[in-house]
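Notes follow once the structure below has been shown.
Quick note on labels: first sequence line is chain A, next is B, and so on, each numbered from 1. Nothing here was measured: the structure is a model prediction, and the numbers come from that model. The figures that follow rest on heavy atoms only: side chains count, while hydrogens, waters and symmetry mates do not.
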Amino acid sequence: MLDKRYILDNPELVQQNCEARGLRADVPRFVQLETQCRTLQQEIEELSRQANVVSKSIGQAKDEAERESRKEEGRRLREQKEAKQAEHDRIAAEAGAIYRSLPNMTHPESPRGGEDASGEIRRGATQVVPMRFPVLDHVQLGEQHDLIDFEGGARIAGHGFYFLRNEAALLELALQQYAVETLLKEGFTLAVTPDLARGEILAGIGYIPRGPETQIYSVENFDLNLVATAEITLGGLYAGEVIDADKLPLKLCGISHCFRTEAGAAGRASRGLYRVHQFTKVEMFAFTLPEQSEDMHNYFCDLECQIFDGLGIPYRVLDIASGDLGGPAYRKFDLEAWMPGRGDGGEYGEVTSASNCTDYQARRLNIRYKVKGEKGTHLVHTLNGTAVAISRALIAILENCQQPDGSIIVPEVLQKWVGKERIGAPRAEEE
RNA sequence: GGAGAGGUGGCAGAGUGGUCGAAUGCGCCGGUUUGCUAAAUCGGUGACCGGGGUAACCUGGUCCGCAGGUUCGAAUCCUGUCCUCUCCGCCA
């Protein structure tokens with residue numbers, strides 16, 4: 001959420017920002033309602049003050065008649081207060097609906113416009129080399145080497161679920177190990193997090209469970225939801241806390257399963273593992289001082305690049321355009337890996353993303369920091385980034401590492417965990 | 001899952017209807033004392049939302065896990081809920 005004070009002081013900027021993000025929001029209406037709320041709030045506080053004075057005087061009143069008349073006055077004041085409060089609450093509810101729909105402000109350098117406006121800012125160390133043989137996609141490769149069982153997944157849980165088998169299961173573990181090893185060297189604190197979370201935590205991060213079109217699976221009869229990312233649990237971990245400033249920045253990484261309904265996503269390019277209902281992800285999360293968040297954002301992006309460079313996968317990095325940013329993000333970088341089997345002759349597909357959410361999530365989750373010796377507290381900044389999302393990384397690995405002979409070379413950094421250099425026997429040289 | 005106990009300031013811990021934002025101790029900040037350190041001693045020390053002031057500061061409201069309720073008035077009484085602890089049950 002944005003700072004209400006900031007909205008009142010800068011309504012034009014906020015309105016422009018909504019437009020840049022392709023959202024309709026009635027900022028002037030919010031300003032009007034919020035101003036009314038503040039006036040009412042003051043009237044309510046004044047009535048409360050008077051009632052408090054009366055209440056305190058009752059204890060000291062000597063005779064019974066006096067006591068009764070003051071009680072009556074107290075009752076009257078509280079009733080007036082209640083009436084004002086009801087009016088206040090009604091207006092606040094309308095203001096709140098607009099307020100919650102307002103996205104974070106946008107980094108000045110983020111490209112303005114829709115999805116197509118996102119700008120490439122970087123390429124990976126590995127070049128895209130054209131493959132001079134019939135290229136298979138990961139679904140075909142998975143079938144050929146008995147790596148992915150979509151039919152089995154569908155039988156158990158429906159479309160969008162799958163079994164990883166044999167080397168694909170080993171690759172899942174290897175990718176987790178590789179990502180974690182990389183992050184531990186960088187001083188991240190590692191956690192395996194809950195795969196379910198309460199509704200209020202999801203809402204704090206910016207998800208809306210149990211609504212129409214929700215991306216979130218909910219558990220019947222419990223206030224529990226399957227998490228869509230460990231960002232939810234890692235960010236929620238410090239909800240309501242005040243962190244010592246000298247402990248910042250806090251760098252966490254979490255391993256979790258991620259569950260997404262993908263409501264409304266039918267029809268989009270979603271063959272095979274690309275858009276599934278469950279996958280495993282190693283996520284980075286940071287709590288920082290405000291002045292540290294921009295550097296941390298670049299650092300997350302660097303780490304994501306380092307991980308994919310290490311795998312030898314070609315990729316590009318996009319600075320996501322204003323119109324394609326989610327609500328909490330101030331700026332977002334996506335890594336798109338080259339997927340030779342995607343589309344017609346290969347396409348880039350999103351594999352990771354890193355967002356700087358500034359104080360937007362922290363305000364909602366009430367996560368603050370305190371500088372020792374200084375008065376008051378301030379909101380932290382939060383950032384999240386994907387270290388590795390297994391399902392999409394698998395697509396990139398299988399498709400990029402396929403050989404003319406049909407086998408798949410295991411990226412060198414993963415070989416120690418997979419236990420082999422190659423999936424499938426190299427086909428004998430043609431005579 | 002069953003039975004019991006409990007959740008109070010940064011921490012520990014008093015407080016069972018008004019004079020309680022809350023004793024006391026620890027911690028922290030500042031002063032005094034001291035050759036340094038330590039000790040002693042004095043004073044100060046919560047958060048959030050408003051109003052006033054250039055500012056130091058003054059001032060109103062709210063907050064005793066959370067949400068409701070009773071009452072003129074709730075940390076205190078009632079209901080629900082979450083969490084913690086002990087015992088029992090179950091279980092990888």
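Taking atom C1' in both B:C20 and B:U8, the straight-line distance is 12 Å, to the nearest Å. Look at the P atom in both B:G10 and B:C66: the space between them is 13 Å, to the nearest Å. Taking atom P on both B:G65 and B:A74, the two are 15 Å apart, rounded to the nearest angstrom.
Rounded to whole Å, the distance from CD on A:Glu79 to P on B:U70 is 12 Å. Counting to the nearest Å, the P atom of B:U62 and the CD atom of A:Glu43 are 16 Å from each other. In this structure, A:Asp89 places its CG atom 14 Å from C1' of B:U62, rounding to the nearest Å. Distance, A:Gln85 CD to B:G61 P: 15 Å, rounded to whole Å.
Closest to the side chain of A:Lys56, from the set B:U62, B:C49, B:U19, is B:U19. For A:Arg75, whose side chain is taken as the heavy atoms from C-beta onward, the closest listed nucleotide among B:U62, B:C72, B:C49 is B:C72. Taking the side chain of A:Thr377 as heavy atoms from C-beta on, and the options B:G61, B:C48, B:G18, the nearest nucleotide is B:C48. Taking the side chain of A:Arg368 as heavy atoms from C-beta on, and the options B:C72, B:C48, B:G61, the nearest nucleotide is B:C48. Which of B:G73, B:G60, B:G51 sits closest to the side chain of A:Ser55 comes down to B:G73.
With a 3.5 Å ceiling on both atom-pair distances, B:A39 lacks any Watson-Crick or G-U wobble partner. Look at B:U79: its Watson-Crick or wobble partner, with both distances under 3.5 angstrom, is B:A67. Searching all strands for a Watson-Crick or G-U wobble partner of B:C20 with both distances below 3.5 Å returns nothing. Look at B:C90: it lacks any Watson-Crick or wobble partner with both distances under 3.5 angstrom. The partner of B:C11 is B:G25, by the rule that a Watson-Crick or G-U pair needs both atom distances under 3.5 Å.
Donor-acceptor pairing under 3.5 Å is recorded for the side chains of A:Glu186 and A:Tyr299. The closest side-chain donor-acceptor pair between A:Gln306 and A:Thr182, if any, does not fall under 3.5 angstrom.
Side-chain N/O atoms of A:Arg78 include none lying less than 4.0 angstrom from OP1 or OP2 on B:C72. A:Arg49 has no side-chain polar atom (N or O) that falls below the 4.0 Å cut-off from OP1 or OP2 of B:U59.
A salt bridge links A:Glu34 with A:Arg38: at least one charged nitrogen is closer than 4.0 Å to a carboxylate oxygen. A salt bridge does not link A:Glu79 to A:Arg76: none of the charged nitrogens lies less than 4.0 Å from a carboxylate oxygen.
Closest-nucleotide positions on RNA chain B for A:Arg198 and A:Asn52 were compared, and the one nearer the 5' end corresponds to A:Asn52. Between A:Gln41 and A:Glu72, the one whose closest nucleotide on RNA chain B sits nearer the 5' end is A:Gln41.
At the heavy-atom level, A:Arg38 lies under 4.0 Å from the strands shown only through sugar-phosphate atoms.
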